Amino acid sequence: MDKEDQNRLKHFTALKFKYQANKYKDSSPSSFLYLILRKVDLGIELFDLEFNWLQEHELFETLEIIWLQQFRMGESKRLEAEFSHLRAKYKVAKNWESSVGSILYPILWKLESENSLTDSEVKLLQENNLSQTVAIVQDIKCFADLKEKYQATKYQDSSPDNRLYKILKKLDTEAILSDSEYEWLLNHELFEAIEIFETQESAKRAKVTQLKSKYKASQHPDTSLLSQLYQILQKLDADKKLIYSEIYWLERQGLTETIAIAEELELKRQFVALKAKYKASQYEDLSPANYLYAILKKIDSETHLNEQDIIFLIQSQLPETIEIANDKYASVLKSKIISGVVVSDLEIDWLRKNQYEDIVILAQHKHFAALKRKYGLADPSLPLEPFYAIMVKLEKKERLDPKLVLQLIEEDLLSRGGKIALTYYKLEAEFYEQELGRTGHKWNIPTASGYWRKANEPERALKLTNLDLNRVNDSNLKSAILVTRGAAFRDSDKLDDAETCANKAMEYQPDSHQPYTLMGAICYDKYDYEQGDYWFEQAIERGAETEDIDAERKRVVRSTKDENKRHEAAEYLLKKDSQRYSWAKSYLNKSSDNSK
């Protein structure tokens with residue numbers, strides 16, 4: 001006998017001992033018994049043929065052991081099948097341990113048999129993220145509670161998928177049952193639940209009547225619990241806002257009083273929300289007609305509260321509301337300022353009064369920067385004061401007081417002829433024209449005309465001085481008007497008309513230097529420098545300052561458009577007196593540069 005046969009013999013002997021088959025004498029490994037015992041030991045089911053063979057050989061103890069073992073094997077498979085079924089029924093996640101040895105199996109078995117779990121068992125499910133299973137557990141409990149509440153405990157099925165659960169949930173929310181649901185309760189003899197339902201329906205029908213009366217809709221004939229009217233009235237009674245289609249439906253039914261009530265309720269809801277938003281909930285009155293509602297609407301629309309509004313809030317002891325309103329309005333003004341909008345004086349006064357000085361300063365700096373751009377003042381070192389005040393006055397078309405004019409002179413902002421100077425001169429011209437109209441005092445004519453000229457609007461000066469001098473008695477005034485009119489003609493390059501005015505002015509006031517100064521400038525404009533010097537000398541003899549005459553010569557040279565003529569004038573003056581007219585050298589250089 002080889003080694004393998006020896007091993008098989010030992011194995012057969014051990015199996016015979018294990019399954020109590022020692023009385024069977026044949027110990028050959030080729031025995032039929034050896035095949036049977038090997039299959040049993042490997043957990044393989046036996047056929048009837050094999051069971052019959054064991055009976056025939058009276059191996060009853062062996063049969064009993066095999067039957068018990070195979071029963072256990074069948075039970076294990078049945079347990080696994082049951083567990084698989086419960087896992088599916090109670091929606092256990094696939095990643096959960098599937099062995100029947102899992103703690104989950106007894107929990108699901110208990111749930112299946114007793115329809116309930118302890119709090120600790122539910123907690124275990126929650127801790128293992130079995131949310132769907134927990135939801136089913138909760139539905140089972142809810143179903144049991146509803147059956148108790150509606151006296152339907154005789155109905156045994158506890159599955160949340162059962163139709164009764166859906167019916168009882170509708171009963172619990174006082175929803176209307178369909179005919180088929182009502183008939184289902186009848187068929188299952190759940191008369192107590194039916195009685196509760198009918199009691200609910202009776203109460204709801206009474207509610208319909210009560211709601212119709214409450215919301216002025218009694219004239220509408222419909223009393224159905226399924227009607228559009230009942231749905232709308234329920235919304236109103238639950239303090240919910242109606243949508244457009246519901247309002248439209250009420251309009252079509254002619255229920256105008258109901259609509260009015262709905263609108264008033266909506267206003268009250270808005271009032272309540274505004275009171276909560278703006279810290280005014282302690283104010284008890286909810287009528288939308290109340291003054292507080294109008295104030296809160298103003299705050300919400302970012303509108304400034306007036307003095308009367310503030311007094312009301314103070315009297316109503318609502319300091320937080322005032323603070324919120326002020327902060328909100330200040331924020332609106334700040335946003336306007338940042339975006340480049342110029343706030344009004346009233347708004348600035350309000351900011352100062354309510355101590356928002358930082359926003360006032362921001363407004364001033366923003367406005368100052370905008371005004372500097374407008375008036376062409378690019379100097380970054382230009383201080384806010386007094387120049388901001390000056391430009392603000394000019395923007396408002398207000399005249400400057402002498403102190404502010406002096407500031408402009410000191411900064412050389414009038415002589416340079418920029419936008420700020422032109423605006424100032426125009427305001428002065430308009431003022432003296434208004435004074436002329438108000439007082440009739442004709443000396444305002446040459447004054448206003450002079451300012452129009454400085455504002456680079458000689459045509460306004462010519463229009464103002466175009467009058468019949470025969471109606472003017474004062475010869476000095478006639479001369480002054482003619483001088484300023486002649487200067488305006490000169491500004492408009494109408495030199496012949498200017499000369500005519502200068503000659504007439506000399507006739508009316510031969511001792512005044514002004515007509516002679518005008519004539520000298522006209523001659524210079526015509527490039528007749530020697531004749532111009534004659535008239536300038538005549539002016540000096542009559543009281544004109546030499547510095548003023550030289551300044552006039554300088555203005556003429558500077559304003560000459562023809563480069564060659566300007567060069568010619570500069571050369572003439574330098575030959576006349578190179579030291580006195582040294583400034584003319586710059587014009588020679590400019591001419592030389594242009595000729596290169």
Side-chain angles (χ1 to χ4, degrees), residues 1-118 121-122 124-125 127-134 136-137 140 156-162:
M1 181 181 297
D2 59 19
K3 190 173 182 178
E4 183 178 350
D5 288 338
Q6 290 176 357
N7 290 335
R8 293 179 69 182
L9 179 59
K10 288 180 182 179
H11 184 223
F12 186 17
T13 303
L15 290 176
K16 285 169 66 177
F17 178 78
K18 180 178 180 180
Y19 293 101
Q20 299 184 24
N22 287 326
K23 68 180 182 177
Y24 187 73
K25 301 303 181 182
D26 187 353
S27 297
S28 171
S30 61
S31 168
F32 189 47
L33 178 61
Y34 185 38
L35 171 65
I36 293 172
L37 296 181
R38 285 169 68 195
K39 285 180 68 176
V40 171
D41 205 48
L42 291 171
I44 300 172
E45 289 187 14
L46 300 182
F47 297 107
D48 289 343
L49 170 68
E50 293 161 321
F51 279 114
N52 291 337
W53 188 91
L54 292 171
Q55 285 179 337
E56 288 172 4
H57 290 79
E58 298 180 355
L59 295 172
F60 301 115
E61 291 179 336
T62 304
L63 275 170
E64 187 176 349
I65 294 171
I66 291 171
W67 282 332
L68 181 58
Q69 181 170 319
Q70 296 219 328
F71 175 77
R72 287 174 178 169
M73 286 170 55
E75 278 299 294
S76 177
K77 290 179 179 178
R78 281 191 291 275
L79 284 175
E80 288 177 1
E82 289 169 358
F83 188 27
S84 178
H85 168 72
L86 293 176
R87 281 167 56 88
K89 180 176 181 179
Y90 294 107
K91 298 183 179 179
V92 176
K94 292 181 179 180
N95 58 355
W96 184 274
E97 183 185 352
S98 60
S99 168
V100 291
S102 164
I103 184 63
L104 181 60
Y105 188 25
I107 291 177
L108 296 184
W109 185 277
K110 181 181 178 185
L111 180 60
E112 178 76 0
S113 61
E114 299 181 8
N115 298 322
S116 66
L117 296 178
T118 64
E121 290 163 345
V122 173
L124 187 145
L125 295 174
E127 288 173 349
N128 286 278
N129 299 317
L130 295 173
S131 55
Q132 288 183 293
T133 310
V134 172
I136 294 171
V137 172
I140 290 173
Q156 297 301 311
D157 193 335
S158 61
S159 170
D161 295 328
N162 190 277

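Note that these values count all heavy atoms, side chains included, but never hydrogens, waters or copies made by symmetry. This structure is a prediction, so every number in the text was calculated from the model and none was measured.
For the atom pair CZ of Arg8 and OG of Ser31, the computed distance is 11.0 Å after rounding to the nearest 0.5 Å. To the nearest 0.5 Å, atoms CD (Glu64) and CD (Gln20) are separated by 8.5 Å. Leu37 CG to Glu50 CD: the interatomic distance, rounded to the nearest 0.5 Å, is 10.5 Å. In this structure, CD in Glu4 is found 11.0 Å from CD in Gln6, a value given to the nearest 0.5 Å. Taking CD of Glu56 as the reference point, atom CG of Asn52 lies at 6.5 Å (rounded to 0.5 Å). With rounding to the nearest 0.5 Å, the separation of CG in Leu124 from CG in Leu130 is 8.5 Å.
Put simply, the side chain of Leu33 reaches to within 4.5 Å of the side chain of Leu54, judged on heavy atoms. Residues Thr62 and Ile36 have side chains not in contact (no heavy-atom distance under 4.5 Å, counting atoms from C-beta outward). Counting only heavy atoms from C-beta outward, the side chains of Tyr34 and Asp26 never approach each other to under 4.5 Å. For the pair Ile140 and Pro160, the minimum side-chain heavy-atom distance is below 4.5 Å. In this structure the side chain of Tyr19 never reaches within 4.5 angstrom of the side chain of Leu59, judged on heavy atoms.
Taking each heavy atom of Ser28 and Phe12 in turn, the nearest pair found is O-CE2, 3.2 Å. The minimum heavy-atom distance linking Thr13 with Asn22 is given by the pair O-OD1, 4.5 Å. Contact detail for Asp157 and Asn162: the closest heavy-atom pair is OD2-ND2, 3.1 Å. The heavy-atom pair separating Leu63 from Gln55 by the smallest distance is CD1-CG, 3.3 Å.
A salt bridge does not link Lys23 with Glu61: every distance from a Lys NZ or Arg NE/NH1/NH2 to an Asp or Glu carboxylate oxygen is 4.0 Å or more.
When only modelled atom types and interatomic distance are considered, Lys16 and Ser27 share a side-chain donor-acceptor pair under 3.5 Å.
The closest donor-acceptor contact from the side chain of His11 to the backbone of Asn7 lies at 3.5 Å or more, if one exists at all.
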For this session: Determine, stepwise, if the pair Ile107 / Thr133 fulfils side chain to side chain contact (heavy atoms under 4.5 Å, CB included).
Result: CA-CA 11 Å; Ile107 291 177; Thr133 310; over 6 Å; no
